[in-house]
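Here's the structure, in structure tokens; my notes come after.
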Amino acid sequence: MRTSTKIGIVVIVIILIVAGTLGFVLSRNKTSSSKTIVIDAESQPDSLDPAVTASTSGWGVVQQIYQTLVTYDNSSVTQVVGQLATSWTHGPNYMNWTFYLRQNVTFSNGDPFNAYVMWYSIWRSMLMNQSESFILEQNFNASNGPSAHFLNTANFTDPTPSQLAVMENTNLSVYVVNKYTIHFTVGGGYLGPHPYAYFLQTLTAPIAAAVDPIYIDAHGGVVANQPNSWMYDHAMGTGPYVVQSWVKGSYLRLEINKNYWADKLLPSAIYNAIAPAKENVLIDFITDVSTAVASLTSGSAQAIGFSFSPEIVNELKGVKGVVVNETPIIYGSTQGAWYIYFNLSAPYFNNTDVRAAIVHSINYTQIIEDAFGGYAAQWVGPVPAGFPDYNPANLPPYQYNVTLAKQEMAAAGYPHGIPGSFNFLYISSPDFVAAAQIIKSDLAVIGVNITLFGVTSDEWYSITSYPGGNASAYPIGIDFYTADYVSPDDYTQEIAALGGSPSQFTTFGNNNNLTNASMYGSLGANLSELNNLVFEAAAQTNATLRAQEYAEMTQIAYDNYFFDWLVIPYVFTIYRQGLKGFILNPMGSAYPNFVMFYNTEYYT
């Protein structure tokens with residue numbers, strides 16, 4: 001898999017505050033007379049196109065406008081509910097899935113939704129082949145689908161017999177059964193001819209959202225392997241919100257969809273995932289932390305989302321009427337689990353005793369206290385803490401033990417340290433600058449000298465990209481991964497499988513043949529076994545057997561010190577007691593709220 005840019009660096013703080021007796025506010029003359037929730041956020045969407053967006057801020061907006069067949073059930077990350085689907089079935093081997101769709105659903109402009117439209121949406125995402133398309137392509141054969149010409153010319157409201165023949169072709173990974181039924185056959189993608197244990201979770205991502213073919217055809221259509229420039233900042237979805245305006249770098253306004261299909265449902269048929277929105281939402285983009293804090297304290301914003309320091313978190317704990325809650329660790333995991341990578345093909349770092357010595361030389365408690373103000377926790381990967389099948393054998397995190405580290409350096413043949421200095425790569429956020437400095441000091445004690453290379457996020461992605469990057473110049477550093485959906489293999493495929501993604505690139509080196517385990521010498525057998533377990537577990541539909549496979553995977557990585565599992569920063573919700581309808585979801589991409597949707601939120 002490819003590393004998503006949905007990254008939370010430093011302590012992530014989600015602030016939700018009610019403006020006292022003022023109730024709802026108008027924001028800076030940019031709202032209508034309707035009641036509006038005002039949010040100050042530090043980043044704006046990367047795109048409003050569900051086939052393109054790959055950032056937390058992008059997902060957070062897109063999931064208010066567009067809808068998918070299924071979505072997470074409130075705060076659960078293992079249970080899903082129907083959104084555009086009413087029900088679904090699967091065959092006994094989990095290879096074939098059939099979804100029965102809602103009728104009388106329309107886009108906000110009145111264009112109809114049906115199985116033909118859903119078929120178009122899935123194939124459009126795969127044909128465009130943008131960064132998040134891997135979520136679909138791991139299970140589906142994207143190469144034998146329809147052409148861009150077909151998507152741009154077919155009638156998806158009332159298709160002709162010849163067009164129906166294409167959409168109903170059962171040789172396709174995704175095909176239409178009838179106007180309100182669609183079928184998915186997994187096993188055609190790069191995961192191979194196997195079921196996929198977390199298939200439903202992949203369909204919750206924006207990449208699987210329904211889009212309007214009539215609207216898109218009128219604004220540039222579909223071009224293979226390219227984004228649609230119109231859809232970058234325009235949207236037409238079936239969801240409870242529409243985009244009223246987006247002034248880049250200033251604000252984005254979401255208004256209640258006045259033509260929302262669920263408005264016509266009986267109250268007994270409404271649940272959170274499809275409920276009509278209660279209030280408009282205005283997101284102001286503010287880059288300065290002090291300005292955001294001032295907005296919070298003055299009441300001009302009811303919600304702010306920033307990467308705050310531990311000091312600000314502690315300060316806000318003392319504000320009367322503000323609730324500060326530390327969320328379960330899975331919220332931190334979905335935003336970013338951090339670890340030290342070793343380039344296993346590089347000299348010295350291909351020595352297990354050297355890696356073990358490095359692991360045991362690092363003072364994790366000091367990193368957590370000094371760099372994160374106590375707001376982080378160690379973990380044992382490659383599955384992140386809080387996820388299903390996390391550390392099934394309950395292995396303890398790596399421990400700081402300098403005496404043991406020196407013994408391991410001696411066992412490696414380097415009792416006085418290893419010669420030279422090694423470039424240490426990391427992203428220059430305040431907390432990881434502090435962490436890197438601690439690591440540098442700790443490693444020097446055992447004779448491992450590193451030169452710190454702090455870079456921006458963009459620079460980090462450039463260095464670690466494959467092909468074209470130069471990760472081998474940095475044989476050690478701090479790496480991370482963030483969740484695209486809650487599945488253990490979303491992490492293990494990225495971190496622990498042999499391949500060519502950014503995080504794997506840092507681990508397996510600047511080499512064009514990353515799938516060849518034999519190049520790692522004595523490590524090869526263990527790496528090969530680890531790689532095989534990653535894909536066996538991804539295909540395992542028996543929960544007991546799947547847990548055993550993840551336990552084996554975790555043990556291999558643990559015993560061989562392939563990674564030094566560093567920390568997962570905590571995530572907080574901080575809000576006024578009067579907030580109502582706020583439903584946390586760990587995979588909620590509606591940063592800063594950490595809810596899946598804004599539609600349930602209101603003030604008393």
Side-chain angles (χ1 to χ4, degrees), residues 1-12 41-47 52-59 130-132 134 227 248-249 285 287-289 306-309 335-346 349 367 371-372 421-440 443 449-484 491 494-495 499-512 514 563-564 566-569 591:
M1 294 184 182
R2 284 161 277 189
T3 303
S4 166
T5 56
K6 298 195 295 109
I7 144 183
I9 304 174
V10 306
V11 178
I12 309 286
E42 63 182 329
S43 59
Q44 63 182 359
D46 56 335
S47 175
V52 175
T53 179
S55 71
T56 299
S57 52
W59 284 40
Q130 300 301 292
S131 65
E132 298 294 274
F134 78 88
K248 310 301 186 302
F285 304 120
T287 58
D288 181 67
V289 172
F306 266 77
S307 301
F308 285 138
S309 68
Q335 280 297 291
W338 298 77
Y339 56 94
I340 294 177
Y341 72 84
F342 306 105
N343 185 332
L344 299 177
S345 64
F349 299 103
I367 289 175
F372 294 90
S421 182
F422 305 91
N423 295 336
F424 186 93
L425 184 68
Y426 63 98
I427 294 177
S428 294
S429 63
D431 41 12
F432 282 100
V433 168
Q437 292 169 344
I438 294 170
I439 292 168
K440 177 181 173 70
L443 294 188
N449 298 305
I450 59 174
T451 301
L452 299 182
F453 274 84
V455 298
T456 66
S457 296
D458 289 343
E459 290 170 335
W460 188 91
Y461 281 109
S462 177
I463 291 169
T464 61
S465 63
Y466 178 79
N470 190 28
S472 287
Y474 307 90
I476 184 173
I478 298 176
D479 206 342
F480 71 96
Y481 188 62
T482 62
D484 294 288
Y491 271 78
E494 177 70 20
I495 296 174
S501 64
S503 289
Q504 295 164 341
F505 191 30
T506 54
T507 301
F508 300 122
N510 196 8
N511 192 295
N512 292 328
L514 300 179
F563 314 89
D564 185 1
L566 202 54
V567 297
I568 297 174
Y591 177 80

Assess the residue pair Asp564 and Phe342 against the criterion (side chain to side chain contact (heavy atoms under 4.5 Å, CB included)); give the C-alpha distance rounded to whole Å, side-chain angles, the decisive distance to 0.1 Å, and a yes or no. CA-CA 8 Å; Asp564 185 1; Phe342 306 105; 4.3 Å; yes
[X] side chain vs [Y] backbone, donor-acceptor pair below 3.5 Å:
{"X": "Tyr491", "Y": "Tyr481", "value": "yes"}
{"X": "Trp59", "Y": "Thr53", "value": "yes"}
{"X": "Gln44", "Y": "Gly249", "value": "yes"}
{"X": "Asn423", "Y": "Ala473", "value": "yes"}
{"X": "Asp431", "Y": "Ala371", "value": "no"}
{"X": "Thr482", "Y": "Gly336", "value": "no"}

Nearest atoms (heavy-atom pairs only) where [X] meets [Y]:
{"X": "Ile450", "Y": "Lys440", "result": "O-NZ, 2.7 Å"}
{"X": "Asp46", "Y": "Val52", "result": "OD2-O, 4.3 Å"}
{"X": "Leu425", "Y": "Tyr341", "result": "CB-OH, 3.6 Å"}
{"X": "Ala436", "Y": "Leu452", "result": "O-CD2, 3.8 Å"}
{"X": "Leu566", "Y": "Phe432", "result": "CD2-CE2, 4.4 Å"}
{"X": "Pro45", "Y": "Phe285", "result": "CD-CZ, 3.8 Å"}

Any side-chain heavy-atom pair of [X] and [Y] under 4.5 Å:
{"X": "Trp338", "Y": "Ile568", "result": "no"}
{"X": "Asp288", "Y": "Glu42", "result": "no"}
{"X": "Tyr426", "Y": "Val433", "result": "yes"}
{"X": "Tyr339", "Y": "Ile478", "result": "no"}
{"X": "Gln130", "Y": "Pro227", "result": "yes"}

What I want to check is whether the side chains of Asn449 and Ser421 have a donor and an acceptor closer together than 3.5 Å. no
In Å and rounded to the nearest 0.5 Å, what is the [atom1] to [atom2] distance from [X] to [Y]?
{"X": "Asp479", "Y": "Ile340", "atom1": "CG", "atom2": "CD1", "result": "11.0 Å"}
{"X": "Glu459", "Y": "Ser428", "atom1": "CD", "atom2": "OG", "result": "8.0 Å"}
{"X": "Ile476", "Y": "Thr451", "atom1": "CD1", "atom2": "OG1", "result": "11.5 Å"}

Quick one, Phe349 with Leu344, criterion side chain to side chain contact (heavy atoms under 4.5 Å, CB included). Give me CA distance, side-chain angles, the key distance, then yes/no. CA-CA 6 Å; Phe349 299 103; Leu344 299 177; 5.8 Å; no
Taking the inter-plane angle between the rings of Trp460 and Phe480 on a 0 to 90° scale, is it parallel (under 30°), tilted (30 to 60°) or perpendicular (over 60°)? tilted
Take Phe424 and Tyr474 through the ring pair (Phe, Tyr, Trp, His ring centres under 6.0 Å) test and state the conclusion after the steps. CA-CA 6 Å; Phe424 186 93; Tyr474 307 90; 10.0 Å; no
